[in-house]
Amino acid sequence: VGPATMYVSWPVSMALDALYGSLTGFLQQHGLDTSTTFFWVHDCSIRHAEEQGANGGSAISALERVPSLIRAIGHTVFTATPWMAPDGLSRSWVLWELYHTHAASARFHLALDAAQAAAFKRALGDNYGAVVAAPGGVNVSDSTACAEEDAQAVLAHVKVGIGCDAFNERVRSLMWTEYAQRAVRVIEKLPAGQRGASSHMDNVGRLMYERGDCEQAVTVLRRVLEARRQLYGPTNSSTLISMVNLSSLLQARGDLEEAQMLVTEALVSRNRGTLLDTISAVRSLEALLRNDGHLDQARCSLRTLHARTRL
């Protein structure tokens with residue numbers, strides 16, 4: 001036993017063996033030392049806190065105690081089970097804990113047991129739509145607690161404070177960021193020889209972009225392109241697709257010159273890949289042409305491209 005290093009956010013409806021499995025998985029997946037990692041497993045209610053005060057204990061409100069604990073510990077671990085739509089996100093106290101994790105800039109972590117972690121990894125490669133949709137809806141107005149007065153008290157504090165919409169958005173942002181970071185860790189653990197062939201990296205890049213992290217998305221897609229150049233060579237259709245994907249993201253970021261260079265590189269490759277790949281490149285270059293100031297320098301490449309796509 002020692003000073004708490006991880007505040008655990010969990011729904012009290014969760015079975016204790018499931019809680020144990022999630023925390024065990026968290027320790028193993030992060031390689032943490034069990035002799036120096038101590039979890040604060042908190043189960044509070046407003047009525048319990050009031051009774052403590054009446055009996056000579058601390059009279060601090062549970063709504064105040066939770067934020068103070070999170071700030072003091074500095075790390076929050078959320079038991080995200082099931083990973084696609086965690087049960088805890090429907091619980092008032094969990095949402096209150098996650099919001100104050102964000103407000104305190106505390107480190108945030110997802111705790112998944114072995115089965116949930118494996119399911120997330122599979123979905124990242126085979127069911128990208130599920131990853132994008134995760135973690136499901138967040139709505140503090142509809143959240144519940146074991147004691148209805150607790151749910152009403154949390155909601156009342158939210159309404160007079162930041163407001164429900166902003167509260168929900170901050171909790172979603174916290175969750176989305178951690179899902180994206182977990183996705184990055186998945187591809188970092190893939191053997192180097194598998195990264196280029198795996199769809200995981202493409203999907204992680206798309207996830208980063210859709211979550212608004214354009215810089216990280218560009219970084220991931222550059223790694224995809226480099227891995228496929230090394231694995232397949234510069235003229236393979238998979239490499240060409242990676243060039244077009246990266247060029248599209250660079251264009252969205254405003255890096256038009258580099259985007260055009262990548263598309264042009266894809267077009268002049270001797271082995272063009274499939275016609276569909278080439279048509280994708282046509283569309284990417286045509287999008288570049290629509291940007292004022294770049295018409296002249298791209299027009300020649302576009303004429304060359306159309307010549308190559310004639311049947």
Side-chain angles (χ1 to χ4, degrees), residues 120-134 176-177 179-291 294 297-298 301-302 304-306 308-309:
F120 176 83
K121 181 178 179 180
R122 286 194 303 272
L124 190 59
D126 304 332
N127 190 6
Y128 174 70
V131 179
V132 172
W176 285 340
T177 298
Y179 274 105
Q181 292 303 317
R182 173 172 280 271
V184 170
R185 291 193 293 271
V186 167
I187 63 173
E188 286 176 343
K189 292 179 180 180
L190 290 174
Q194 293 183 15
R195 291 178 188 170
S198 172
S199 61
H200 288 72
M201 292 184 71
D202 283 309
N203 288 345
V204 169
R206 291 168 59 195
L207 180 65
M208 292 294 185
Y209 178 69
E210 292 177 22
R211 291 291 183 253
D213 191 346
C214 196
E215 292 300 318
Q216 184 71 26
V218 168
T219 298
V220 170
L221 291 186
R222 286 190 195 281
R223 292 171 61 185
V224 173
L225 177 55
E226 182 59 29
R228 289 182 177 168
R229 276 175 169 155
Q230 293 181 6
L231 184 63
Y232 300 124
T235 60
N236 182 272
S237 61
S238 294
T239 307
L240 298 179
I241 291 172
S242 294
M243 290 181 187
V244 172
N245 288 343
L246 179 56
S247 72
S248 297
L249 187 52
L250 289 168
Q251 177 196 342
R253 196 176 69 168
D255 295 337
L256 302 181
E257 183 175 352
E258 185 180 357
Q260 184 198 342
M261 289 174 60
L262 276 171
V263 174
T264 303
E265 180 184 352
L267 296 175
V268 300
S269 298
R270 291 184 179 179
N271 181 352
R272 298 191 307 272
T274 67
L275 179 60
L276 180 59
D277 300 337
T278 310
I279 291 173
S280 296
V282 171
R283 291 173 178 166
S284 294
L285 194 52
E286 285 177 334
L288 288 172
L289 286 171
R290 289 193 293 271
N291 292 278
H294 294 267
Q297 67 185 43
S301 295
L302 185 63
T304 300
L305 170 61
H306 281 301
R308 289 173 180 267
T309 57

Notebook entry, point to check: Within the side chain of Asp255, is there an N or O that forms a donor-acceptor pair under 3.5 Å with the backbone of Glu258?
Noted result: no
Checklist line | Heavy-atom closest pair, residues Leu221 and Leu246 | finding: CB-CD1, 3.9 Å
Margin query: Show, in sequence, the C-alpha distance, side-chain angles and deciding distance for Val184 and Arg182, and conclude whether the side-chain contact (heavy atoms from CB on, under 4.5 Å) test is met.
Written below: CA-CA 5 Å; Val184 170; Arg182 173 172 280 271; over 6 Å; no
Check: When rounded to the nearest 0.5 angstrom, what distance separates CD in Gln251 from CG in Leu256?
Finding: 6.5 Å
Notebook entry, point to check: Say you draw a straight line from OG1 of Thr177 to CD of Gln216; how long is it, rounded to the nearest 0.5 Å?
Noted result: 11.0 Å
Margin query: Please check if the number of heavy atoms outside Tyr209 that lie under 6.0 Å from its OH is greater than 12.
Written below: no
Item checked: Min side-chain heavy-atom separation Leu225-Met243 under 4.5 Å -> yes
Next item on the list: Verify, without hydrogens or angle tests, whether Thr239 (side chain) and Gly233 (backbone) share a donor-acceptor contact under 3.5 angstrom.
Entry: yes
Checklist line | Which atom of Leu250 lies closest to which atom of Ala259, heavy atoms considered | finding: CB-CB, 4.0 Å
Note to self: Which heavy atom of Ala217 sits nearest to which heavy atom of Gly205, and what is that distance?
What the structure shows: CB-O, 3.4 Å
Next item on the list: Side-chain contact test, heavy atoms from C-beta onward, threshold under 4.5 Å: evaluate it for Met208 versus Thr219 and give yes or no.
Entry: no
Item checked: Passing option when Glu226 is tested against Gln230, Arg222, Arg223, Arg228 for side-chain hydrogen bond (donor to acceptor under 3.5 Å, both in side chains) -> Gln230
